[in-house]
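Report on one structure; see the data block that follows.
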Amino acid sequence: MLKVFSLQVLGILFVEAFHCQACVRHTFVVEETPYTRLCSTKNILTVNGLFPGPTLHVHKGDTIIVDVHNKGNYNITIHWHGVKQPGNPWSDGPEYITQCPIQPGGRFKQKIIFSMEEGTLWWHAHSEWWRATVHGAIIIYPKHGTTYPFPLPHAEFPIILGEWWKEDIGKIYNETIQTGGVPNVSDAFTINGQPGDLYPCSKEETFKIKVDDGKTYLLRLINAAVQEIHFFAIAKHNLTVVGTDGSYTKLLKTSYVAISPGQTVDVLLKANEQPDHYYMAARVYSGAPAVAFDNTTTTAVVQYSGYYTPSSPPSLPDLPSYNNTNAEVSFTGSLRSLADENHPIEVPTNISNKMFFTISVNTFPCPNNSCEGPNGTRLATSINNISFVNPSIDILQAYYYHVNGVFGTRFPDFPPLIFNFTAEYLPLYLETPKRGTKVKILDYNATVEIVFQGTNLVGGNDHPMHLHGFSFFVVGSGLGNFDKEKDPLGYNLVDPPLQNTIAVPVNGWTTIRFKACNPGVWFMHCHFDRHMTWGMDMAFVVKNGKGPKAHIKPPPPDMPPC
């Protein structure tokens with residue numbers, strides 16, 4: 001009833017706010033499409049019949065409209081990952097946070113407002129685990145009249161790392177919820193939708209890029225995998241990192257890339273080796289010894305043009321081992337913002353809101369130890385010992401229309417108990433969190449510092465934490481327990497990387513800073529979908545500031561009903 005009433009009363013404002021004559025318009029039709037991988041065919045959710053979905057091409061500062069039409073049989077939402085959407089949380093996409101899902105047969109015209117982003121981002125479903133197949137690249141070119149801060153590449157290729165299950169992903173999601181245990185590991189990883197030569201029934205469709213000797217190519221890496229961090233490399237070639245998460249970096253030469261679910265990394269590939277075929281490959285990095293993972297390797301082929309007899313099979317790159325935490329931490333810790341005259345940065349130094357967030361795997365007891373988590377428990381996750389529960393209507397709607405009882409406003413700045421977070425053995429009573437739907441209220445323009453502290457409860461793990469509505473500066477990171485006296489002395493406040501997703505290392509910590517200059521409701525969560533589903537989530541509510549540009553825009557007329 002609230003939704004209908006709101007539409008009637010504020011309809012004029014809705015139309016006014018959504019008016020965008022100059023916007024480029026796209027149509028996304030979500031539908032089930034048969035796809036064959038690994039010798040078997042199944043129906044998957046796709047956008048416009050494509051897996052991965054269509055690539056969006058925009059320029060810095062553009063605004064576009066995407067008409068999402070749900071012709072599938074399941075509720076769906078679409079999130080524009082890393083797009084800040086200034087003042088426009090209505091189109092951000094996470095279900096029950098900024099909208100209710102688009103129901104089968106429903107439509108939602110989403111207005112996507114680009115601002116400071118430049119480089120590579122992506123879009124994906126943000127409901128249940130449908131992003132396994134509902135995802136695609138967003139390429140944000142420099143403003144007209146400007147160019148990249150590096151030599152213009154000869155060509156560019158989106159490289160999307162994905163994850164494939166022979167079983168239906170919706171069924172895996174439902175089984176995980178029902179049993180309380182861990183989901184089945186995937187059967188393959190993919191590069192641009194294809195598993196590659198090392199999997200059965202896959203060789204003919206392996207993704208290939210053709211290169212000319214001596215030319216330089218821009219690879220736009222996106223990790224769309226549902227549950228895993230990856231190492232990526234190209235045999236016998238070094239890569240040069242030039243950007244991450246829609247922001248430029250200082251040049252970083254490397255033999256491999258570590259990339260978490262949600263992250264993007266832009267790299268230059270110089271075709272300067274003997275003309276041949278070379279594998280690009282990706283496989284899992286996992287710092288959690290007790291967690292099962294898919295240990296297979298996905299490949300694509302870099303194919304030099306010209307006349308020669310190619311090696312058969314092509315050579316594989318030397319990827320770091322699955323559990324090489326030092327390799328993952330070393331790569332992530334080497335990133336630096338470009339921070340030059342044309343790309344200045346402003347790292348917050350006078351902090352108004354300091355927070356310390358423990359991020360943990362947890363358990364809930366089950367009747368008669370009937371669940372499939374450790375010792376018959378139900379697996380859960382938490383931030384500061386609160387395991388997030390989705391409300392019945394979305395938080396943004398409840399906040400905007402002052403609906404009481406949907407969420408609490410006292411998300412804690414610190415955990416309820418201080419203990420040796422990374423100790424090898426921890427008492428079992430610490431494993432059980434509290435359930436809740438709580439947000440943290442921030443004043444407009446507040447300067448925020450968050451220390452994420454991983455814990456060893458149930459078993460430590462890396463956690464790729466993603467914040468909607470903002471990019472943040474990663475000013476520090478380390479292994480073990482955060483030392484509030486010593487560790488801040490080593491913060492990088494000069495050229496820290498600007499990201500929207502950061503992997504907090506297993507049993508370690510990471511500190512981020514950002515300025516809360518975007519009014520609205522903004523989700524924060526682990527980008528392992530199982531951890532998000534289990535409760536490693538919270539939301540920030542940024543209050544309106546002074547003047548119309550510092551206010552939440554009115555909602556569009558076609559918000560999906562709850």
Side-chain angles (χ1 to χ4, degrees), residues 25-57 64-81 93 95 101-110 112 122-139 157-176 183-196 199-208 220 222-227 261 294 296 298 300 529 560:
R25 295 167 187 265
H26 302 266
T27 300
F28 276 16
V29 178
V30 180
E31 57 193 346
E32 290 193 66
T33 309
Y35 267 76
T36 301
R37 297 288 184 272
L38 308 180
C39 318
S40 62
T41 301
K42 68 172 184 174
N43 279 345
I44 62 172
L45 273 188
T46 64
V47 167
N48 299 349
L50 301 174
F51 169 65
T55 297
L56 296 176
H57 299 264
I64 64 173
I65 290 173
V66 181
D67 183 3
V68 181
H69 188 185
N70 187 4
K71 288 188 175 180
N73 297 316
Y74 308 96
N75 289 345
I76 200 78
T77 68
I78 304 290
H79 167 54
W80 319 93
H81 186 112
E95 63 175 347
I102 308 166
Q103 297 170 15
R107 303 179 81 132
F108 181 26
K109 286 187 175 69
Q110 293 184 252
I112 319 304
W122 64 302
W123 59 265
H124 61 81
H126 214 303
S127 45
E128 299 187 1
W129 295 353
W130 298 119
R131 76 175 178 88
T133 56
V134 180
H135 61 252
I138 303 174
I139 296 175
F157 302 94
I159 303 293
I160 302 176
L161 308 181
E163 206 165 356
W164 183 269
W165 284 260
K166 289 182 181 179
E167 200 173 12
D168 178 71
I169 192 66
K171 184 179 178 184
I172 291 169
Y173 169 83
N174 288 329
E175 286 174 351
T176 303
N184 292 337
V185 300
S186 55
D187 297 292
F189 295 109
T190 58
I191 294 177
N192 289 354
Q194 296 293 343
Y199 296 92
C201 306
S202 302
K203 190 177 180 66
E204 292 302 313
E205 303 299 324
T206 295
F207 179 74
K208 300 177 178 67
R220 299 177 177 273
I222 298 165
N223 190 346
V226 179
Q227 311 288 15
D294 178 352
T296 60
T298 180
D529 276 17

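For this chain, numbers begin at 1 and follow the sequence in order.
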Exam field: side chain Asn48 to backbone Thr27, donor-acceptor pair closer than 3.5 Å: yes
Report the C-alpha distance between Lys42 and Lys166 in whole Å, list the side-chain angles of each, state the deciding distance to 0.1 Å, and finish with yes or no for side-chain contact (heavy atoms from CB on, under 4.5 Å). CA-CA 8 Å; Lys42 68 172 184 174; Lys166 289 182 181 179; over 6 Å; no
With a 4.0 Å cut-off on N to O distance, would you call Arg107 and Asp67 a salt bridge? yes
Between the side chain of Asn70 and the main-chain N/O of Gly106, is any donor-acceptor distance below 3.5 Å? no
Please answer whether the main-chain N or O of Leu45 pairs with a side-chain N or O of Thr133 as donor and acceptor at a distance below 3.5 Å. yes
Quick one: list whatever passes ring pair (Phe, Tyr, Trp, His ring centres under 6.0 Å) with Phe28, sequence neighbours left out. Trp80, Trp123
Asn223 backbone acceptor or donor facing Trp122 side chain under 3.5 Å: no
Heavy-atom check, side chain of Pro104 versus side chain of Asn75, under 4.5 Å: yes
Side chains of Ile64 and Arg25: closer than 4.5 Å at any heavy-atom pair? no
Please enumerate all residues that pass side-chain hydrogen bond (donor to acceptor under 3.5 Å, both in side chains) together with Tyr199, with sequence neighbours excluded. Thr296
Sorted by chain and number, sequence neighbours left out, side-chain hydrogen bond (donor to acceptor under 3.5 Å, both in side chains) with Glu175 holds for none
Testing the basics here: between Leu38 and Pro195, what is the closest heavy-atom pair and its distance to 0.1 Å? CD2-CG, 4.0 Å
Identify, with sequence neighbours excluded, every residue that meets ring pair (Phe, Tyr, Trp, His ring centres under 6.0 Å) alongside Tyr74. Trp130
Write down the atom of Ile102, the atom of Pro560, and the distance for their closest heavy-atom approach. CG1-CG, 3.8 Å
Keeping the roles fixed (side chain from Glu32, backbone from Gly72), state whether a donor-acceptor pair exists under 3.5 Å. no
What distance do Gln194 atom CD and Lys208 atom NZ have between them, rounded to the nearest 0.5 Å? 9.0 Å
Taking all atoms of both residues into account, what is the closest heavy-atom pair of Ile160 and Ala137, and its distance? CD1-N, 4.1 Å
Do Ile112 and Ile65 pass the side-chain contact (heavy atoms from CB on, under 4.5 Å) test, and can you show the C-alpha distance, the side-chain angles, and the key distance before you say yes or no? CA-CA 6 Å; Ile112 319 304; Ile65 290 173; over 6 Å; no
Please check: side-chain N/O of Asp294 versus main-chain N/O of Ala188, any donor-acceptor pairing under 3.5 Å? yes
Check whether Gln110 reaches the backbone of Ile78 with its side chain - one donor and one acceptor, N or O, closer than 3.5 Å. yes
What is the minimum heavy-atom distance between Ala125 and Ile76, and which atoms define it? CB-CD1, 3.9 Å
Strictly by salt bridge (charged side-chain N to carboxylate O under 4.0 Å, His left out), give each pair with a member in residues 125-135 just once, sequence neighbours left out. Arg131-Asp529
Counting only N and O atoms by type, is there a donor-acceptor contact under 3.5 Å from the side chain of Asp187 to the main-chain atoms of Trp165? no
Taking every heavy atom of Ile169 against every heavy atom of Ala132, the minimum-distance pair comes out as CG1-CB, 4.0 Å
Set of salt bridge (Lys or Arg N to Asp or Glu O under 4.0 Å) partners for Lys171, sequence neighbours left out: Glu167
Suppose we screen for side chain to side chain contact (heavy atoms under 4.5 Å, CB included). Which residues come up paired with His57, at least two apart in sequence or across chains? Thr55, Ile139, Tyr141
Any side-chain heavy-atom pair of Thr298 and Phe207 under 4.5 Å: no
With His79, which residues qualify under side-chain hydrogen bond (donor to acceptor under 3.5 Å, both in side chains), at least two apart? Asp92, His466
Do you know the tightest heavy-atom contact between Gly93 and Thr77? O-OG1, 2.8 Å
List in chain and number order the residues that pass side chain to side chain contact (heavy atoms under 4.5 Å, CB included) with Thr176, two or more places apart in sequence or in another chain; answer none if no residue qualifies. Trp129, Ile172, Pro183, Trp534
Under the rule for side chain to side chain contact (heavy atoms under 4.5 Å, CB included), what residues qualify as partners of Thr41, not counting sequence neighbours? Pro34, Thr36
Taking only residues two or more places apart in sequence, or in another chain, which ones meet Thr33 in a side chain to side chain contact (heavy atoms under 4.5 Å, CB included)? Glu31, Tyr35, Thr46
Test your reading of the model: is there a side-chain donor-acceptor pair from Arg37 to the backbone of Gly193, 3.5 Å cut-off? yes
All side-chain hydrogen bond (donor to acceptor under 3.5 Å, both in side chains) counterparts of Gln227, not counting sequence neighbours: Arg530
Worked verdict on Ile159 versus Ile191 for side-chain contact (heavy atoms from CB on, under 4.5 Å): CA-CA 6 Å; Ile159 303 293; Ile191 294 177; 3.8 Å; yes
